Novice: 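One structure, pasted below without further comment.
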Amino acid sequence: MATNTVSQVAPSPAEDAAALLKAFQGWGTDEQAVIAILARRDVTQRKQITLTYEQMYNESLLQRLQSELSGDFERAMCHWILDPDERQAVMANAAMKCIQEEYPVIIEIAGTNSPAELIAVKKAYHVLYKCSLEEDVAACTTGNLRSLLLALVSTYRYDGNDVNMGLAKSEAKIVHEAVRNGTIDHEELIRIVGTRSKAQLKATFSCFKDEHSSSITKVLRNATREAGTDEDTLTRVVVMHAEKDMKGITGAFQKRSSVTLEQVIAKETSGDYRSFLTALLGS
């Protein structure tokens, strides 16, 4: 017996904008309605909703969200509706205000984007703040931290998968020499970490572990500290990667932690913030 199937047609940007306005009105904000709309729209749809909302109601959707929401939920949602390049530019600029603790934000932006994506983020930064990302990094940092961050945000790395194993072995030896006797030759570490492709670095770190039975990350942690609050880090990772590579992140998280990321979020967060992050994990 044949069954009739009804195709799901996404609401138009005007319909979504109207639904958002309705969620803002009345006695308190209907946060679940806001989540149901914006967490289920892709980046192109969110941009169209934002533009349409402003045209229809002569006010900024971002500013309205900032006034209607609060706390971690407000910060996460306001980051989510931005264009991905603009979002990362805003995150990078915020990190500048407390760079000694928040520098891993810059490392993450430089390390997780392709060379072309990083250029797009830097262009967005220039438009928003009328200066370059490199300029602010140099002004806000000193010493080895400045050298490392400038190398990471300035380099146009090779983005392919080809690896030179001879180079990997020789640079693993250089890394070992750089960190032996409990001291760190930051210049050599910065040169390697700041210039080599992701594939080449992976090969180098693998050679280091094979030769010395120790993970390179243990070495690198000697020169770093934990950054920010758990909520800030959680928001950044989920919002930045939800539409990009979250499947790989959740898989690696479960493999390492023996629990799912969804389970941890359910345990460690609450309310609308938890609902929003959970929705993004399924987007």
Side-chain angles (χ1 to χ4, degrees), residues 8-98 102 105 109 120-121 123-130 228-244 246 265-266 268-283:
Q8 295 293 324
V9 179
S12 69
E15 290 172 321
D16 278 338
L20 285 169
L21 182 65
K22 182 179 179 181
F24 298 146
Q25 295 174 330
W27 187 261
T29 303
D30 185 348
E31 289 88 353
Q32 291 303 309
V34 174
I35 293 171
I37 297 167
L38 294 177
R40 302 302 183 189
R41 304 294 181 265
D42 64 28
V43 60
T44 301
Q45 291 170 324
R46 295 195 303 275
K47 186 172 184 178
Q48 292 172 340
I49 292 168
T50 300
L51 293 172
T52 302
Y53 184 94
E54 184 170 356
Q55 293 169 354
M56 292 176 63
Y57 305 116
N58 197 32
E59 68 173 0
S60 164
L61 177 58
L62 177 62
Q63 291 178 356
R64 187 63 186 262
L65 288 168
Q66 289 171 332
S67 68
E68 295 287 340
L69 310 179
S70 61
D72 294 319
F73 177 43
E74 178 265 325
R75 286 188 289 273
M77 181 62 78
C78 289
H79 277 137
W80 176 245
I81 69 165
L82 295 175
D83 175 87
D85 299 332
E86 186 179 17
R87 175 196 303 147
Q88 292 182 77
V90 169
M91 289 177 172
N93 184 258
M96 298 296 172
K97 297 175 175 59
C98 196
E102 295 294 331
V105 176
I109 290 171
V121 172
K123 286 181 178 178
Y125 194 98
H126 191 274
V127 170
L128 287 172
Y129 304 110
K130 313 306 178 188
T229 65
D230 288 342
E231 289 79 8
D232 289 340
T233 302
L234 182 60
T235 295
R236 184 175 73 251
V237 171
V238 174
V239 171
M240 278 180 57
H241 297 276
E243 295 178 296
K244 188 176 182 181
M246 183 54 71
I265 288 175
E268 301 294 335
T269 63
S270 61
D272 298 316
Y273 179 55
R274 177 170 60 192
S275 298
F276 182 51
L277 294 186
T278 301
L280 292 188
L281 288 180
S283 64

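A quick note: this is a predicted structure, and the numbers were derived from the prediction, not measured.
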Novice: Might you point out which heavy atoms bring Gln63 and Ser60 nearest each other, and give the distance in Å?
Specialist: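 Residues Gln63 and Ser60, closest heavy atoms: N-OG, 3.1 Å.
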
Novice: Check step by step if side-chain contact (heavy atoms from CB on, under 4.5 Å) holds for Ile37 and Leu20.
Specialist: CA-CA 8 Å; Ile37 297 167; Leu20 285 169; 3.8 Å; yes

Novice: Between Thr278 and Thr269, is there a side-chain heavy-atom distance shorter than 4.5 Å?
Specialist: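 Sidechains of Thr278 and Thr269: no contact.
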
Novice: Mind checking the CE-CG spacing from Met56 to Leu51? Nearest 0.5 Å is all I need.
Specialist: 13.0 Å

Novice: Side chain of Arg46, backbone of Arg41: donor and acceptor closer than 3.5 Å?
Specialist: yes

Novice: side-chain contact (heavy atoms from CB on, under 4.5 Å) between Leu69 and Phe24: does it pass, once the steps are laid out?
Specialist: CA-CA 10 Å; Leu69 310 179; Phe24 298 146; 5.7 Å; no

Novice: Name the residue from Leu38, Leu61, Asp16 that meets the side chain to side chain contact (heavy atoms under 4.5 Å, CB included) definition with Thr50.
Specialist: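 Only match with Thr50 under side chain to side chain contact (heavy atoms under 4.5 Å, CB included): Leu61.
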
Novice: Please indicate whether Asp42 has more than 12 foreign heavy atoms, meaning atoms of other residues, nucleotides or ligands, lying under 6.0 Å from its CG.
Specialist: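 Yes, CG of Asp42 has more than 12 neighbouring heavy atoms, counting only those of other groups under 6.0 Å.
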
Novice: Examine distances only and state if a side-chain atom of Glu243 and a backbone atom of Val43 form a donor-acceptor pair shorter than 3.5 Å.
Specialist: yes

Novice: What are the two closest heavy atoms between Ala266 and Arg274, and how far apart are they?
Specialist: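 Distance-wise, the nearest heavy atoms are O-NH1, 2.8 Å.
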
Novice: Salt bridge or not between Lys47 and Glu86? Use side-chain N to carboxylate O under 4.0 Å.
Specialist: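 Looking at Lys47 and Glu86, the cut-off is not met.
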
Novice: Taking Ser67 for its side chain and Arg64 for its backbone only, find out whether a donor-acceptor pair lies under 3.5 Å.
Specialist: yes

Novice: Show the nearest heavy-atom pair for residues Glu231 and Tyr273, with the distance to one decimal.
Specialist: O-OH, 3.2 Å

Novice: Step through the shown structure and confirm whether more than 12 heavy atoms of other residues, nucleotides or ligands are within 6.0 Å of NZ on Lys22.
Specialist: no

Novice: What is the minimum heavy-atom distance between Ile35 and Asp272, and which atoms define it?
Specialist: CD1-O, 3.6 Å

Novice: State, to 0.1 Å, how close Glu74 and Leu65 come at their nearest heavy-atom pair, and which atoms those are.
Specialist: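 Scanning both residues, the minimum pair turns out to be CG-O, 4.1 Å.
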
Novice: State, to 0.1 Å, how close Val34 and Met77 come at their nearest heavy-atom pair, and which atoms those are.
Specialist: CG1-CE, 3.8 Å

Novice: Roughly how far, to the nearest 0.5 Å, is the CZ atom of Arg75 from the CZ atom of Arg236?
Specialist: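 The CZ atom of Arg75 is 13.0 Å from CZ of Arg236, to the nearest 0.5 Å.
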
Novice: Distance alone, cut at 3.5 Å: any donor-acceptor contact between the side chains of Glu59 and Tyr53?
Specialist: yes

Novice: Which value, rounded to the nearest 0.5 Å, describes the distance between Met240 atom CE and Leu280 atom CG?
Specialist: 13.5 Å

Novice: Counting N and O atoms only, with roles assigned by atom type, does the side chain of Arg87 sit under 3.5 Å from a partner on the main chain of Trp80, one being a donor and the other an acceptor?
Specialist: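 Flag set: sc Arg87 to bb Trp80 pair under 3.5 Å.
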
Novice: Between Asp85 and Tyr125, is a side-chain contact (heavy atoms from CB on, under 4.5 Å) present by the stated rule, with each step listed?
Specialist: CA-CA 8 Å; Asp85 299 332; Tyr125 194 98; over 6 Å; no

Novice: Atom OG1 of Thr52 and atom CD of Glu15: how far apart are they, to the nearest 0.5 Å?
Specialist: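 It is 11.0 Å, given to the nearest 0.5 Å.
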
